[in-house]
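Below, chains carry the letters A, B, ... as their sequence lines are ordered, and counting in each starts from 1. Predicted, not measured: the structure shown is a model, and the values here were computed from it.
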Amino acid sequence: MTFTLNDDARMLKDSARDFFREQAPVTRLRKQRDAKQNGRDPELWAEISALGFAGVIIPEEYGGAGLGYVALGAVLEEAGRTLVASPLHSSALAGASALLLAGTDAQKAEWLPKIASGEVIATIAIDEGAHHAPAKSKIKFEGGKLSGEKKYVADGHIADLFIVAAADALFLVKADTAGVTRRELVTADSRGAADISFAGVAAEKMNGGADIVDAILDRARIGLAAEMVGAASEAFEITSEYLKTRKQFGQVIGGFQALQHRAAKLFTDLELTRSCVLAALDALDRNANNVAEYASLAKARASETVHLATNEMVQLHGGIGMTDVHDAGLYLKRARVTEALYGGASFHRDRYASLLGF
Amino acid sequence: MTFTLNDDARMLKDSARDFFREQAPVTRLRKQRDAKQNGRDPELWAEISALGFAGVIIPEEYGGAGLGYVALGAVLEEAGRTLVASPLHSSALAGASALLLAGTDAQKAEWLPKIASGEVIATIAIDEGAHHAPAKSKIKFEGGKLSGEKKYVADGHIADLFIVAAADALFLVKADTAGVTRRELVTADSRGAADISFAGVAAEKMNGGADIVDAILDRARIGLAAEMVGAASEAFEITSEYLKTRKQFGQVIGGFQALQHRAAKLFTDLELTRSCVLAALDALDRNANNVAEYASLAKARASETVHLATNEMVQLHGGIGMTDVHDAGLYLKRARVTEALYGGASFHRDRYASLLGF
Amino acid sequence: MTQDLEVFRAETRAWLEANCPPSMRTPMTGEDDAVWGGRNYEFKNPEAKLWLERMGAKGWTAPTWPAEYGGGGLSADENRVLQSELKKIGARPPLFSFGLWMLGPVLLEYANEEQKKEHLPKIVRGEIRWCQGYSEPGAGSDLAGLQTKCEDKGDHWLINGQKVWTSYANYADWCFCLVRTDTSVKHEGISFVLIDMTTPGVETRPIKLISGSSPFCETFFTDVKIPKGNMVGRLNGGWEIAKRLLQYERTNISGFGSNTRVDVVDLAKKHVGLEDGALEDRDLRARIAAHKMTERAYALSVQRAQEEAKAGGNVSHMASMFKVAGATLNIDRCELMVEAAGNRALGWSGEGFTPDDLATTRGWLRSKGNSIEGGTTEINLNVVAKRVLGLRDTQ
Amino acid sequence: MTQDLEVFRAETRAWLEANCPPSMRTPMTGEDDAVWGGRNYEFKNPEAKLWLERMGAKGWTAPTWPAEYGGGGLSADENRVLQSELKKIGARPPLFSFGLWMLGPVLLEYANEEQKKEHLPKIVRGEIRWCQGYSEPGAGSDLAGLQTKCEDKGDHWLINGQKVWTSYANYADWCFCLVRTDTSVKHEGISFVLIDMTTPGVETRPIKLISGSSPFCETFFTDVKIPKGNMVGRLNGGWEIAKRLLQYERTNISGFGSNTRVDVVDLAKKHVGLEDGALEDRDLRARIAAHKMTERAYALSVQRAQEEAKAGGNVSHMASMFKVAGATLNIDRCELMVEAAGNRALGWSGEGFTPDDLATTRGWLRSKGNSIEGGTTEINLNVVAKRVLGLRDTQ
């Protein structure tokens, strides 16, 4: 196991950091939101794709860079820092993972190059109710036709391709297929999503059963956890800076011991979570046999950490943190969405306990 | 509902406070322990009984004072403050409650006067494994003979009379009956207890079924919660005093904001719990229809509060709090025992949720 | 005495029966149903206007204030009878008002006769809507660091500065305001003044919160002239009044938690589901149970404090404790609601979410302010530690 | 290079095979199996003595210390090979020693040649057992407030004062000790000295803990004379050494959590039981799951820090963070164990409880000290806030 980025990943991370800081800082999300784009920013996605970020885990034979999950995780972490609204996670990580793990040769050949180039936006459609419960899917597939409903599909409102999970199977559905109805959701994180219904829709079955559904979800969870660690880190650093500059009672508020202790605890929590996420990404690249454990560990802890970091961000900023003009609210809202996606801390504690046999 | 003591209860509380502070301060427990009495202190029990504390809830017709649970709770709270080791809770509250609720007229007439005078020590025998699970009792009663095992019976090593709970029935067993074997337990709180086995023992059935078992347990829980609030209050006050006197870095440590905030939170928690316990005691005297809710509320919160108060007591005293010569350890140990008895916070959260229908 | 009370109860009941309009006996459906009064207030429901006028005329919007200032002049016992009768018919509060909750009590204590006569009756009748000018951009938790200047110009005071977090200043008629009258000292250089918001030089700008609502404003004072008679209490004596008023505010805000319309248990049952009578997510269930216990503990503690206050105990020092506990409770409640509602509580607007879903999300975001407004949780913990527990710095 | 390492691995494996006695390849069954060495140490097992002698002779009790001071003289890579081979055969540590963990590294950095030659080899071979004289009754968290006086008497130092929390001082041969050599300043008036515990005027008194064990002592120095050569580093330069040593101590204590013999999950399965493969108490189950996650996160973080240290990163500032996290983790673990074991973990002694039950109770009580010894959690949070995060008082 290693926690250290190799040279390729390091370079990728640096270029991602530079690009997102310059071209997609939080003000860009704010602009998208105020223009009611609900996460639509094709220009930004084109730029991101042009930098190769959409093909990081896709092998070179399919037009990607074949650099693996550690590398993509590094990019997602940087994207998380500035709350970049793009289908990087849903398409370049979750969608691509689904095709890599469950795609037939023909499906891979058809879709992976387009995902790598950013031409096609893919996403995975998992949940069917208010909560994450993949094993309880009611998706039906009979005679080549797929029926059922999916809720809160991330980037579902802009995706071209859905990978639809049943309890023990996966299906490819093009978004423009007859019988697909999507209701766009205007979401709290200003990224958008969709509820989607499939009424006897033409669909292609993919390889694999429940195990593969789980394996794909674990990749989605770990990748999202990387984004969450990025957001939590940035939230922490902004807050920490504020503690050093805001004065009350004649001194910077970072001098107050109660706040110092809270900051120190948050920092510790963040560092512990970072180790889990790095280890989980590494486990994917190593093809470790306990990826499921790492995934639940990373997603549960990242959920709690980003929750704490963003709540402390609001509270320690005081009144200004409650105003819309400050970024704290944007971090808080995105955090809440990522906490819920692909299972929250509660779901993953339960799963972790089961995996450990108790 | 009222939170205010009436004159009788107020007088009783004051006399209990004076008596325990003078005759049974923590040093008395320490002496008992060092002499390996394991909770045996017949002299102290005689004094306590002489003051009428053993008969507070027992009606005058049976030789008691008939003052009710609020009054007895006030005495238990004071006993909790100085960690008084006596069968006050197990006999005067739990045992007496069992006879009052489930005793036949003959059983009441035989035992209540003796419990009120302190001549007989009664206790309830509930748990059969490591955890509180009254509904899962395996006690058998056939042909007037009782069989089964009870674990960690509070004051079971000194009791004269056991009220043995089955899942849906209660039995009176005299401790000296043939077939009763008790193994004395030397416990962390220096109060002692016993594991008891009943091998076809002559027993008298009492009135009532599972409901009455529950009702008796609720009284035991609420009374114990009163003792716990007393211990938590004293632990808090001792700690608070220490914060005002111990100096480090040229100032009293109570001046450090991180400690101030922890003390303020603990105080708030304690006050909220106190309200629950007072309301629960009052609900018993009012014969309210939601005593079960109050009991789980009071026991769960008292468990968490006394846990926090005693842990903070050790931590905020620093090294000295870890030494045997300081009282912090004694509070911590008694707290842990009371937390577990008659169901801990986890058990009562579960029960509370069930009572509230979710 | 008791007999008098029973007479009073009968009369009250009869009067309410005759005077409380039918729609005012139905539960409020949202914040929009709250009547705030004031010069420019537009009643959405004519019966709400009638109800306010009738209650205001009797002084029952402020039942225990002296009748000479427009109040109801009731004893504490009579007021309890009135409140119980109001509750019995499910009557809506006729008026929501910072004048009633916060300013009135301090005017009664600190204002001169003329000021009381001028302002209290209008508060009672809901004719003037008040806002509070306390915090400033550089003076939040450190309120006494405020800099809004108030200069003595002989025949008037001249005010220059900026306030922030003035609740509904854009709707308010008057503002009670802390100003600096001496820059050489801190707490002892603060005074308490009343400002007509229509005075030239007063400007307000609403602040949009992360929840999307705008219940607060920035308020700017540029060369604002106010009469000398608009200072309450003595020159440089404003800090004492400010502290007293903060107690009223904290007591008020800490009550937020009880204003629940949707219960978290119901929400969880709906979105999470039951299995053998227990919420399927046992982890969430345990945390909701713990929360419901704290909620009950809080409610019982408020009841206990009221009982102790009634018995003559001094419970004013508990305001900070209740403020902290109440804010924490409501924040936890909103978090659990969002968690229970899952992805249905991640919406912002549009048809994809029900109004209840959206209210859960917005309410969750709004709740984050509870531990900041009316004194942050940190400041209130300082107060509990120092004033209640007696822990003090030696420095 | 890699080939050299493989040669080293083969040689090491062969040596261990030939020299590690059979009983030293079995897991330790308790604290009693730990070998602490020293002048008066009595080995319970002759093979333990043999194992220490053999390892000590090779310097492998301190593998990376220079060979000239009795150490193994291994490179970091060679040491990793050695450790992995030791782990492979399940070898017990030949020696537990504050000399190895704490004093040795600072002697290597700060001591003069004579001191190194005198003390380091004896530490390596376990001939001298050391204790630490740091805290005093009036100087706990505020360690620099220490008052034990050390006066220059020309040809010797004269020491008077009292230390507390000296680990196993009653068994130790020598003590490394912080003393005050200048009363006019605080941190700059402290020196670091070495004291032979057999010197007249040294007395120790064991402290009984709430767990019943006595791993610490009070130590009294009354007119204790020590040679001038026993001061390490410069006069009044002891605070720097003290801080460095505390880092070693914190790293050391924070490792407590990993020393688990009974797993909390196994204990819970035994005492709580499973239902459909899940612990019956779902509330406890969720909390154990969260704890197991933190435990894993902590272990991964230690691994990461080691990797970063190996790559040349400066991770010494993380000692305080790991100390806090490690102590919290172990305290939580012990709490969960006691909760899982229910009334079986409420015993103190006697036949009513199994030795494992009693170990759970005693271990739980002992764990409460983890957040106090080696710098309290509060002090270490201060350090993280100030030194790692750069949050400082402006005062």
Side-chain angles (χ1 to χ4, degrees), chain A residues 1-4 236-237 239-241 243-244 247 249-280 282-283 290 293-294 296-301 304-305 345-346 348-358, chain D residues 263-266 268-269 272-274 276-279 282 284-308 310-311 313 318 320-325 328-329 340 377-378 380-395:
Chain A
M1 188 190 307
T2 179
F3 298 88
T4 315
F236 172 73
E237 286 164 25
T239 306
S240 186
E241 268 319 298
L243 291 177
K244 290 174 194 169
K247 283 192 176 186
F249 305 102
Q251 67 163 303
V252 290
I253 59 175
F256 290 106
Q257 195 195 33
L259 305 194
Q260 290 183 341
H261 281 198
R262 278 159 63 177
K265 284 179 192 169
L266 174 52
F267 173 75
T268 304
D269 186 65
L270 181 56
E271 286 306 306
L272 261 59
T273 296
R274 190 187 307 285
S275 306
C276 297
V277 173
L278 292 175
D282 179 64
N290 54 350
E293 275 176 40
Y294 275 115
S296 282
L297 174 68
K299 184 59 174 46
R301 282 202 57 100
E304 294 192 318
T305 298
S346 182
H348 286 291
R349 274 194 293 268
D350 176 66
R351 185 166 179 258
Y352 196 72
S354 298
L355 289 166
L356 263 58
F358 66 95
Chain D
D263 188 85
V264 59
V265 169
D266 293 334
K269 281 183 185 170
V272 177
L274 297 176
D276 300 331
L279 287 179
R282 299 303 176 90
L284 176 62
R285 175 177 181 257
R287 288 179 288 122
I288 291 178
H291 168 74
K292 294 303 284 182
M293 285 188 176
T294 308
E295 187 176 272
R296 190 96 184 83
Y298 177 80
L300 289 167
S301 298
V302 169
Q303 223 176 317
R304 177 158 73 97
Q306 285 166 347
E307 194 177 305
E308 285 168 10
K310 192 179 151 191
M318 302 304 260
S320 286
M321 186 188 90
F322 282 115
K323 168 65 173 66
V324 170
T328 307
L329 188 65
T377 285
E378 290 76 14
N380 278 301
L381 288 173
N382 288 348
V383 171
V384 173
K386 290 185 175 131
R387 243 176 286 157
V388 183
L389 306 182
L391 300 173
R392 282 169 202 285
D393 308 2
T394 43
Q395 294 167 325

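- Comparing D:Lys386, D:Arg304, D:Met318 by heavy-atom pairs within less than 4.5 Å of chain A, the highest count is held by D:Arg304.
- You'll find the side chain of D:Arg287 stays beyond 4.5 Å of the side chain of A:Arg349, heavy atoms only.
- Using a 4.5 Å heavy-atom threshold, the side chains of A:Met1 and D:Leu300 count as touching.
- Contacts of A:Ala263 with chain D are made by both backbone and side-chain atoms, with heavy-atom separations under 4.5 Å.
- If you measure heavy-atom distances from A:Tyr294 to chain D, the contacts under 4.5 Å come from the side chain alone.
- Between the CZ atom in D:Arg392 and the CG atom in A:Leu243 there is a gap of 14.5 Å [rounded to 0.5 Å].
- In terms of heavy-atom pairs under 4.5 angstrom with chain D, the leader among A:Gln257, A:Gln260, A:Arg262 is A:Gln260.
- D:Leu389 is not listed as a side-chain neighbour of A:Lys244, based on a closest heavy-atom distance of 4.5 Å or more.
- Among the candidates A:Leu297, A:Ile253, A:Thr273, the residue making the largest number of heavy-atom pairs closer than 4.5 Å to chain D is A:Leu297.
- Ion pair A:Asp350/D:Arg282 not flagged as a salt bridge, since none of the NZ, NE, NH1 or NH2 atoms sits closer than 4.0 Å to an Asp/Glu carboxylate oxygen.
- No part of A:Ser346 comes within reach of chain D, as not one of its non-hydrogen atoms sits under 4.5 angstrom from that chain.
- Contact count against chain D (heavy-atom pairs under 4.5 Å) is highest for A:Gly254 among A:Ser296, A:Ala298, A:Ala279, A:Gly254.
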Could you give me the CA-CA distance, side-chain angles and deciding distance for A:Glu271 and D:Ser301, then say whether side-chain hydrogen bond (donor to acceptor under 3.5 Å, both in side chains) is met?
CA-CA 7 Å; A:Glu271 286 306 306; D:Ser301 298; over 6 Å; no

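- Between chain A and the residues D:Arg285, D:Glu308, D:Lys269, the most heavy-atom pairs under 4.5 angstrom are made by D:Arg285.
- Of the residues considered (A:Leu278, A:Leu356, A:Thr2, A:Leu259), A:Thr2 shows the highest number of contacts with chain D, using heavy-atom pairs under 4.5 Å.
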